Amino acid sequence: MSGLFTQMVLACSNEDLVLKKMLYQYIQTYASHHPDNVLLTINTLQKDCQDMDPKLRGLALRTLCSLRVANLLEYL
């Protein structure tokens, strides 16, 4: 699954809302297993928190809040 996690992180830059929902759910689920790779998604999640679409903003904020990574606060 570790190779798949990297592919999921790279796919987060996609603009499709349905795909982002699935990707963010996957990242939430496996964040504790791959804490170093989760840090790669922080920039994308922060950009999505600034988006005009309220659904995407809420999704990104929910994902950021649910990540359980020890040193996450340093990158926010």
Side-chain angles (χ1 to χ4, degrees):
M1 286 295 238
S2 62
L4 183 59
F5 191 86
T6 306
Q7 294 296 324
M8 294 293 193
V9 169
L10 293 174
C12 283
S13 61
N14 194 328
E15 295 298 321
D16 184 23
L17 184 61
V18 175
L19 182 59
K20 278 192 184 253
K21 284 181 184 179
M22 291 188 301
L23 292 171
Y24 287 171
Q25 181 65 37
Y26 181 88
I27 289 169
Q28 287 174 1
T29 304
Y30 293 103
S32 61
H33 301 294
H34 305 281
D36 294 333
N37 291 341
V38 169
L39 299 177
L40 299 173
T41 63
I42 300 301
N43 189 34
T44 303
L45 289 169
Q46 287 178 330
K47 285 180 185 177
D48 286 348
C49 284
Q50 303 291 324
D51 197 81
M52 296 296 294
D53 185 10
K55 291 178 185 176
L56 184 55
R57 284 194 314 260
L59 179 65
L61 184 60
R62 181 179 64 190
T63 304
L64 271 173
C65 291
S66 68
L67 295 176
R68 302 289 183 231
V69 179
N71 57 353
L72 180 66
L73 211 51
E74 296 174 16
Y75 296 96
L76 293 177

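Computed from a predicted model, the values in this text were never measured in an experiment.
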S.K.: Going only through I, L, V, M, F, W and Y residues with side-chain contacts under 4.5 Å, is there a path from Y24 to L4?
M.R.: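 Same hydrophobic cluster.
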
S.K.: How many angstroms lie between CG in N14 and CE in M22, if you round to the nearest 0.5 Å?
M.R.: 9.5 Å

S.K.: Which pairs, with at least one residue in residues 41-50 and sequence neighbours excluded, count as a salt bridge (Lys or Arg N to Asp or Glu O under 4.0 Å)?
M.R.: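 Counting only pairs at least two positions apart or across chains, the salt bridge (Lys or Arg N to Asp or Glu O under 4.0 Å) contacts touching residues 41-50 are K20-D48.
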
S.K.: For T41, check side chain to side chain donor-acceptor pair (under 3.5 Å) against everything at least two apart and list the hits.
M.R.: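 Partners of T41 by the side chain to side chain donor-acceptor pair (under 3.5 Å) criterion come out as none, since no residue qualifies.
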
S.K.: Is there a side-chain contact between I27 and L45 (heavy atoms, below 4.5 Å)?
M.R.: no

S.K.: Kindly list each side-chain donor-acceptor pair under 3.5 angstrom involving residues 52-62, sequence neighbours excluded, with atom names and distances?
M.R.:
| from | atom 1 | to | atom 2 | distance (Å) |
| --- | --- | --- | --- | --- |
| D53 | OD1 | K55 | N | 3.3 |
| R57 | NH1 | D51 | O | 2.9 |
| R57 | NH1 | M52 | O | 3.1 |

S.K.: Between atom CD of Q25 and atom NZ of K21, what is the distance when rounded to the nearest 0.5 Å?
M.R.: 11.0 Å

